[in-house]
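The next block holds one structure in the form of structure tokens; read it before the comments.
Not measured: the values here are computed from a predicted model. One-based numbering, in listed order, for ligands and for the atoms of each.
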Amino acid sequence: MQPQTAIYNRLDNRPIGIFDSGMGGLTVRAAIERALPRESLVYFGDGANVPYGPRPREEITRFVDEAVGRLVERNDVKMVVIACNAATGAAIDHLRSKYPVPIIGMEPAVKPAALTTNTLTVGVLATAAAFKGTLYRATSAEWKKKVRILETVGEGFVELVENDREETPEALETVRRAVEPILAAGADRIVLGCTHYPFLAGQIRRVIEEFSAKTGATAAQIVDSAPAIARRAGQLLTAHNLHADPDKEPPRHLFLSFAGNDYIERLTCKNVHVPRL
Ligand code: DGL
């Protein structure tokens with residue numbers, strides 16, 4: 001029998017797989033790279049079928065299953081992070097029952113927002129598919145007994161990010177249309193329930209500041225799940241003895257997609273300077 005210490009000291013240099021419908025999961029990837037700089041990361045951004053938000057559950061499950069299958073079989077990943085609320089909502093149970101690696105999913109961060117709101121009103125911005133997720137529905141139903149939860153689909157948000165149009169007047173207008181009514185209804189927490197949305201955090205903050213200047217209301221806070229997901233990834237690496245050994249080889253970074261080389265190039269170059277919230 002192996003001595004206990006040998007078991008606890010096992011290290012594993014296989015990469016972590018990170019999946020999203022497109023570029024949104026890069027915001028989660030950035031948080032994971034910051035928290036776990038020794039880990040190799042393989043990022044899979046579908047790109048050919050984005051946006052997932054309006055699609056039916058079965059279709060989303062088919063896409064994510066194929067991508068995760070590739071990550072597990074061809075890239076030999078030791079863990080998968082589904083950095084997509086829509087894909088988590090549709091497929092997390094299926095993926096966990098099919099693949100023999102730890103799988104982490106995203107879920108809009110209603111709990112931290114509900115625990116800290118002063119106005120007892122929380123706004124959640126997400127896609128239609130994320131709002132239909134079983135876990136999200138169960139969590140929000142619980143919190144709705146204590147606070148008001150205003151659910152709004154970020155119409156056009158994903159398209160802005162996929163087309164690198166975050167810093168345009170059109171982006172500010174699109175964000176204002178979604179966010180202003182939530183603020184006007186009294187929300188002081190805005191939960192980002194889609195991993196594409198942190199790319200628009202600058203515009204969301206602009207709308208919040210405009211609204212506060214106009215009404216004198218305290219500025220609402222933006223809540224993103226990416227740092228919590230990165231922490232969870234670290235905990236699972238520890239629990240399963242999966243941390244990488246930095247002395248063996250430096251971390252490798254790979255980008256994959258269903259959408260071909262030009263899209264992979266765009267994933268690699270996308271500027272992910274998501275403001276710290
Ligand atoms: N980034 C994804 C999410 O977190 C999905 C966006 C989409 O493809 O509609 O839900």
Check: Asp245 main-chain N/O paired with Asn13 side-chain donor or acceptor under 3.5 Å: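 Yes; at least one donor-acceptor contact below 3.5 Å.
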Centroid-centroid under 6.0 Å between Phe44 and Phe258 rings: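 Between Phe44 and Phe258, the centre distance is under 6.0 Å.
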Only distances under 3.5 Å count here; give the side-chain donor-acceptor pairs of residues 103-114 to other protein atoms, sequence neighbours excluded, each with its distance to 0.1 Å.
unit_1 : atom_1 : unit_2 : atom_2 : d
Glu107 : OE2    : Thr139 : OG1    : 2.8

Residues in side chain to side chain contact (heavy atoms under 4.5 Å, CB included) contact with Lys132, at least two apart in sequence or another chain: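 For Lys132, no residue satisfies side chain to side chain contact (heavy atoms under 4.5 Å, CB included) once neighbours in sequence are set aside.
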Between the protein and ligand 1, are there any N or O atom pairs that come within less than 3.5 Å of each other, and if so, what are their names and distances?
unit_1   : atom_1 : unit_2 : atom_2 : d
ligand 1 : 1 (N)  : Asp20  : OD1    : 3.0
ligand 1 : 1 (N)  : Thr195 : OG1    : 2.9
ligand 1 : 1 (N)  : His196 : ND1    : 2.8
ligand 1 : 4 (O)  : Asn85  : N      : 2.8
ligand 1 : 4 (O)  : Asn85  : ND2    : 3.0
ligand 1 : 4 (O)  : Thr195 : N      : 2.8
ligand 1 : 4 (O)  : Thr195 : OG1    : 3.3
ligand 1 : 8 (O)  : Ser21  : OG     : 2.7
ligand 1 : 8 (O)  : Tyr52  : N      : 2.7
ligand 1 : 9 (O)  : Tyr52  : N      : 3.2
ligand 1 : 9 (O)  : Gly53  : N      : 2.8
ligand 1 : 10 (O) : Asn85  : N      : 3.2
ligand 1 : 10 (O) : Ala86  : N      : 3.0

Electrostatic pair Glu166-Lys270, nearest N-O below 4.0 angstrom: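 The answer is yes: the pair qualifies as a salt bridge.
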Acceptor/donor pairs from residues 146-154 side chains to any protein atom, 3.5 angstrom cut, sequence neighbours excluded:
unit_1 : atom_1 : unit_2 : atom_2 : d
Arg148 : NH2    : Ala185 : O      : 2.6
Glu151 : OE2    : Tyr136 : OH     : 2.7
Glu151 : OE2    : Lys144 : NZ     : 3.3

